[in-house]
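For reference, the structure is listed below as structure tokens.
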Protein chains: 2
Amino acid sequence: MKPAGAEATATLHDVARAAGVSIKTVSNVINGYQHIRPETRGRVEAAIELLQYKPNRAARSLRSGRTDMIGLIVPDLRNPYFAELADDVMRAARELGFSVLIEQFDLDRESELAALRDAHLRGLDGILHSVLTLEPGDAALLERVPVPMVLLGERIFDSSRDHVTMRNTEGAEAATAHLLGIGRRRILALGSHPDEEVGSPGLRLRGYADALAKAGVALDDALVVPVDLWHRADGADAMRAVLDAGVEFDGVVAFNDSLALGALRVLLERGVHVPDDVAVIGFDDLDETRYSLPALSTIAPGRSEIARTAVELLVARIRGTDDGPPREIFTGFSLVERESTVPRR
Amino acid sequence: MKPAGAEATATLHDVARAAGVSIKTVSNVINGYQHIRPETRGRVEAAIELLQYKPNRAARSLRSGRTDMIGLIVPDLRNPYFAELADDVMRAARELGFSVLIEQFDLDRESELAALRDAHLRGLDGILHSVLTLEPGDAALLERVPVPMVLLGERIFDSSRDHVTMRNTEGAEAATAHLLGIGRRRILALGSHPDEEVGSPGLRLRGYADALAKAGVALDDALVVPVDLWHRADGADAMRAVLDAGVEFDGVVAFNDSLALGALRVLLERGVHVPDDVAVIGFDDLDETRYSLPALSTIAPGRSEIARTAVELLVARIRGTDDGPPREIFTGFSLVERESTVPRR
DNA sequence: CTGAAAGCGCTTACAG
DNA sequence: CTGAAAGCGCTTACAG
């Protein structure tokens, strides 16, 4: 029995018969092989058009071992950072002829490992994985993934895998130095993860500390505010707690934009003027930061550059045009100055 | 030559040999066929585990004609509405054993048509298409798509395709009635598309007009504000223009949340108090509306219900468990009352 | 420049 | 309950 829906579909054989050539010749035309007589090519193309022939992807994949599909493993798309990243990845992939299969995971470790485990069962040519909870001990697991893989996000361990990330420490340092530069001295670091040094919270905290040290400002532990999840509600809650505790501060370096936006909301609610009383800077350059009140200054991590670089590297691995040792690529960042750090007085 | 990467991969034959059975029996075990002797099943499972056998998806697809993959065609994921929809669709699909291949299109017609044309070339079992610019004249094109398809979004034409949508007109009517209920009489309708009646702008404008009519309030054309794109910046621009023109109003029904959030920003910037001076309500219930200042009242379209309903219908079409006539399903909505419509005075 | 043929790894009637 | 065999629609050495 033919599979359902296959009744009307023309195959390579049908085209070959209609054009009076062998299926090899049809295949050559489809795949852009050079040395074909123009007249033959014309006959084949006419037959393809006539029969509305579309190559069967499953057959092509089975034979060639390739699917022209890459996986993107990310935490949930409700988080605008990852939605924007997914957009950038899909655009970059499309230019290189690849589709993107997105696999979400929840914020726990188990779910991230499960996504990784499942992904390569889906018949993908390669995987982009935006690392969240993986730890140094997981390096062995990563090496077992049987397809090319590029890790996105923080350099959380030495692994034999390719890695594309931004300079987190330098970014946080620049953000902090920016606030110091407009005269702020009691700057909150919003979003630390105590005891976690390898991920972006630890790297960004280090940048914060570095900037203070260079400016000769002592680090006050009361100003380092741990926030577990980096969603807007968490930033709002943390800011409320800080204000209720009576902590004095005149600046905020939030470790991502969502935290900053949540904090911003609470500051306005409590009548604290931003940026005059408290200057606020975030991290990520979400589309949305341009439209908050006030518009949020932030560190732009070059997300589309990260996406493009990562996709190009992955495709080079898939095609075998790059078989060098694992690469670790750092992308540039920039400080975007908006209203939240430009005091009027 | 074997395809690259296939060297170490065990096949059905390897498993069958290791378990001392035929490949048919292995296939039966994998696909959960009932009548297998427990002992045989045990031997096969042990061999699968031993050889780390993973079924080859391309081969399975080629033979069965199914890919267990559905396509989701949406405008860009930078728009939080579609990012949240994609999240919901992926969760619903996963529960039914399907992966989701997302295809974005830009906001123009050509791009939407191209996405639709390409999607079914990707070897998908079915397609969810979130309609944006398609017109009644495109019905014929839609009918030519050779796989099951469910349309999401507005009922913009009668087609022979399945359709899942919310009650746009009733939603906008409820939003408008809510503002009338708190005593507002000069209510802006933000986001109309003049001369376009079949899409959500037209349906929502009708709901606005219906509510006014029921309350005996005359519709003032000066209060109907056309906005082409429904992004935050467009809402901000439109609100600035309205204020600059000196239009008097005490309420805003924005046709989506992004427009509302952009308008909100400008109102606050200009010192207009929300909700005391102007009450604002949006449409979509984006995650973000809970955290704006003030928190935004909105119409919740039941996005996860839409996603689940659409995925279930599509899967029923794919599996042939539903071969009835095209369905048109309307999902429920609810009005979420937050700070932007609860005046303090 | 083109053809005939093998085979990618499965699922599925068909037999027994 | 299990086996032997055909065949899904391509791509790719191999020949000529």
Side-chain angles (χ1 to χ4, degrees), chain A residues 1-44 47-48 51-68 121-123 125 146 319, chain B residues 1-45 47-48 51-68 121-123 125 146:
Chain A
M1 201 188 83
K2 287 204 169 193
E7 304 81 308
T9 311
T11 73
L12 216 49
H13 286 94
D14 301 326
V15 177
R17 203 176 312 121
V21 299
S22 79
I23 59 169
K24 171 63 176 5
T25 302
V26 181
S27 179
N28 283 344
V29 169
I30 290 166
N31 295 305
Y33 183 62
Q34 291 308 317
H35 311 287
I36 301 175
R37 231 180 317 177
E39 188 225 306
T40 309
R41 181 190 300 280
R43 281 219 314 285
V44 171
I48 287 174
L51 298 172
Q52 287 286 302
Y53 169 73
K54 321 279 183 214
N56 176 311
R57 313 213 19 126
R60 174 177 282 183
S61 293
L62 175 58
R63 183 58 234 227
S64 68
R66 306 233 328 240
T67 58
D68 295 336
L121 305 182
R122 295 283 175 185
D125 289 345
R319 298 197 169 142
Chain B
M1 202 187 79
K2 287 202 164 194
E7 305 81 302
T9 312
T11 73
L12 217 49
H13 286 94
D14 301 325
V15 176
R17 205 176 311 122
V21 299
S22 81
I23 58 169
K24 172 65 172 11
T25 304
V26 180
S27 181
N28 283 344
V29 169
I30 290 166
N31 294 306
Y33 183 61
Q34 291 308 314
H35 310 286
I36 302 175
R37 232 181 314 177
E39 188 224 304
T40 308
R41 181 189 300 278
R43 282 219 312 283
V44 170
E45 281 167 350
I48 288 174
L51 297 172
Q52 287 286 302
Y53 169 73
K54 321 278 183 217
N56 177 311
R57 311 207 29 123
R60 175 177 282 181
S61 292
L62 175 56
R63 183 57 235 229
S64 68
R66 306 233 327 242
T67 58
D68 295 336
L121 305 181
R122 294 284 174 185
D125 289 345

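Numbered from 1 within each chain, the chains take letters A, B, ... in sequence-line order.
Listed here is the closest heavy atom pair of A:A58 and B:L62: CB-N, 3.6 Å. Between B:V26 and B:V15, the shortest heavy-atom distance links the atoms CG1-CG1, 3.7 Å.
In this structure, B:R60 places its CZ atom 20 Å from C1' of D:dC10, rounding to the nearest Å. With rounding to whole Å, A:H13 atom NE2 is found 12 Å from D:dT11 atom C1'. The CG-C1' distance, from B:L12 to D:dA4, rounds to 14 Å in whole Å. Computed from coordinates, the A:I23 CD1 to D:dG7 P distance equals 15 Å when rounded to whole Å. Rounded to whole Å, atom C1' of C:dC1 lies 12 Å from atom CD of A:E39. For the pair A:R41 CZ and C:dC1 C1', the interatomic distance rounds to 12 Å; values are reported in whole Å. As rounded to whole Å, 9 Å separates atom C1' of D:dC1 from atom NZ of B:K24. Summarising the geometry, the separation between CZ on A:R66 and P on D:dT11 is reported as 12 Å, rounded to the nearest angstrom.
Residues A:I48 and A:I30 have side chains in contact (heavy-atom distance under 4.5 Å, counting atoms from C-beta outward). Between B:T11 and B:N56, the closest side-chain pair of non-hydrogen atoms is not below 4.5 Å. Annotation: side chain of B:V44 is not in contact with side chain of B:R41 (no heavy-atom distance under 4.5 Å).
Of the candidates C:dC10, C:dT12, D:dA13, the closest approach to any side-chain atom of B:Y53 belongs to C:dC10. Closest contact between the side chain of B:S27 and the listed nucleotides D:dT2, C:dT11, D:dG9 involves C:dT11. Checked against D:dG3, C:dG3, D:dC10, the side chain of A:S22 finds its nearest nucleotide in C:dG3.
A:T40 comes within 4.0 angstrom of the backbone, heavy atoms only, and of no base.
Dashed line: the shortest gap from a side-chain N or O of A:T25 to OP1 or OP2 of C:dG3 is under 4.0 Å. Side-chain N/O atoms of A:R37 include one lying less than 4.0 angstrom from OP1 or OP2 on C:dT2.
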Quick one: the dot-bracket string of DNA chain D, using Watson-Crick and G-U wobble pairs with both distances under 3.5 Å, [ ] for crossing pairs and | for bases paired to another strand.
|||.||||||||.|||

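Closest-nucleotide positions on DNA chain C for B:A59 and A:V21 were compared, and the one nearer the 5' end corresponds to A:V21.
Remark: A:R43 pairs with A:E39 by the side-chain hydrogen bond (donor to acceptor under 3.5 Å, both in side chains) rule, at least two apart or across chains. With sequence neighbours excluded, no residue forms a side-chain hydrogen bond (donor to acceptor under 3.5 Å, both in side chains) with A:S61.
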